[in-house]
Amino acid sequence: MRIFELLSLDGPATATGLSERVGQNTGTVSWHLRHLAEHGFIEEETGRGTKRERWWRRADATHELNMADFRDQPDSRGSLSVYLHELVQQYFDRVTNYISEDWDDAWRNAGTVADWPDLRLTPEQLAALNAELMAVVARHTPAPDAPPAPGALPVVVQLQSFPRHKHGNS
C-alpha cells in the first residue's frame with residue numbers, strides 16, 4: 001500500500017528509488033510492483049528506462065471499494081479490515097506529517113484540520129453532503145495535462161464522514 005501511495009502521490013518511480021523510500025530491498029519492492037501491475041493498480045511506463053531499470057506509474061483506472069459488497073462474505077472481512085486500517089493509517093500519517101513540517105505562513109494559513117461533530121443527518125443527507133463535497137473537489141481538480149499555476153504545490157484533500165453511535169445520556 002505504501003508503494004502504491006508513493007506512485008499515486010509522487011508519480012513514476014523505479015523499484016530502486018521506491019526501495020530507498022520504503023526501506024525494503026529492491027527485490028521485495030519489485031515483487032510488490034509486479035503484483036500491483038498484475039491486478040491493474042499500476043503499469044510500466046513504456047519508453048522510459050532500460051531493460052534493467054523499469055519505471056512504474058499508477059494506472060489511470062479508477063478503483064472504488066464498496067464495503068457493502070463484503071457484508072455477506074465473512075472470509076473477506078478480515079482482509080477488508082486490514083486494508084481499511086492501513087488506508088486510514090496512511091491518511092493519519094499525511095495529516096501528522098503536515099502538522100509537524102515547517103510551512104511558511106501562506107501555506108500554514110491555507111491548510112486546515114477541522115471537524116464538525118454536531119451534525120445530525122439521515123443516510124440520504126450524508127450521501128448528498130458527500131456528493132456535494134466531492135463535486136467541489138472535482139471543480140478544483142485541474143485537467144491531467146494542465147500546467148500547474150505558478151507557486152502551486154501538490155495538495156491532499158482528505159474527507160472522512162461517517163455516522164457514530166451516540167453515547168451517554170444526551
Could you tell me which residues satisfy side-chain contact (heavy atoms from CB on, under 4.5 Å) with [X], sequence neighbours excluded, listed by chain and number?
X: M134; answer: N130
X: T46; answer: none
X: E101; answer: N97, W103

Taking [X] for the side chain and [Y] for the main chain, is one N or O donor matched with an acceptor at less than 3.5 Å?
X: T141; Y: V137; answer: yes
X: D115; Y: P117; answer: no
X: E86; Y: M1; answer: no
X: Q158; Y: Y91; answer: yes

Review item, side-chain donor-acceptor pairs of residues 35-43, under 3.5 Å, at least two apart:
unit_1 : atom_1 : unit_2 : atom_2 : d
H35    : ND1    : W31    : O      : 3.0
E43    : OE2    : R57    : NE     : 2.9
E43    : OE2    : R57    : NH2    : 3.1

Under the rule for side chain to side chain donor-acceptor pair (under 3.5 Å), what residues qualify as partners of S76, not counting sequence neighbours?
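S76 satisfies side chain to side chain donor-acceptor pair (under 3.5 Å) with Q73 once adjacent residues are dropped.
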My understanding is that only residues two or more places apart in sequence, or in another chain, count here; which of them pass side chain to side chain donor-acceptor pair (under 3.5 Å) with E132?
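None.
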Working to the nearest 0.5 Å, report the span between CG of L80 and CG of D75.
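Result: 13.0 Å between the selected atoms.
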Rounded to the nearest 0.5 Å, what separates atom CH2 in W55 from atom CZ in R48?
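Interatomic distance, W55 CH2 to R48 CZ, rounded to 0.5 Å: 4.0 Å.
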Show the atom names and distances, to 0.1 Å, of all donor-acceptor pairs under 3.5 Å that link a side chain in residues 2-11 to residues at least two apart or in another chain.
unit_1 : atom_1 : unit_2 : atom_2 : d
R2     : NH1    : E5     : OE1    : 2.8
E5     : OE2    : R94    : NE     : 2.9
E5     : OE2    : R94    : NH2    : 3.1
S8     : OG     : F4     : O      : 2.9
S8     : OG     : R58    : NH1    : 2.9
D10    : OD2    : R21    : NH1    : 3.2
D10    : OD2    : R21    : NH2    : 2.5

R34: salt bridge (charged side-chain N to carboxylate O under 4.0 Å, His left out) partners, not counting sequence neighbours:
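So R34 forms no salt bridge (charged side-chain N to carboxylate O under 4.0 Å, His left out) with any residue.
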For F92, does the CZ atom have more than 12 heavy-atom neighbours from other residues, nucleotides or ligands under 6.0 Å away?
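Check fails, neighbour count at 12 or below.
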Which residues end up grouped with V136 if you chain together Ile, Leu, Val, Met, Phe, Trp and Tyr wherever their side-chain heavy atoms are less than 4.5 Å apart?
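Under the 4.5 Å side-chain rule, V136 groups with nothing.
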In the hydrophobic cluster built from side-chain contacts under 4.5 Å, what are the other members alongside W116?
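L119, L121, L126, L129, L133, L159, listed by chain and number.
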Kindly list each side-chain donor-acceptor pair under 3.5 angstrom involving residues 145-155, sequence neighbours excluded, with atom names and distances?
none

Can you give the donor-acceptor pairs under 3.5 Å from side chains of residues 13-20 to other protein atoms, not counting sequence neighbours?
unit_1 : atom_1 : unit_2 : atom_2 : d
T14    : OG1    : G17    : N      : 3.0
S19    : OG     : A15    : O      : 3.3
S19    : OG     : T16    : O      : 2.7
S19    : OG     : T26    : OG1    : 3.4

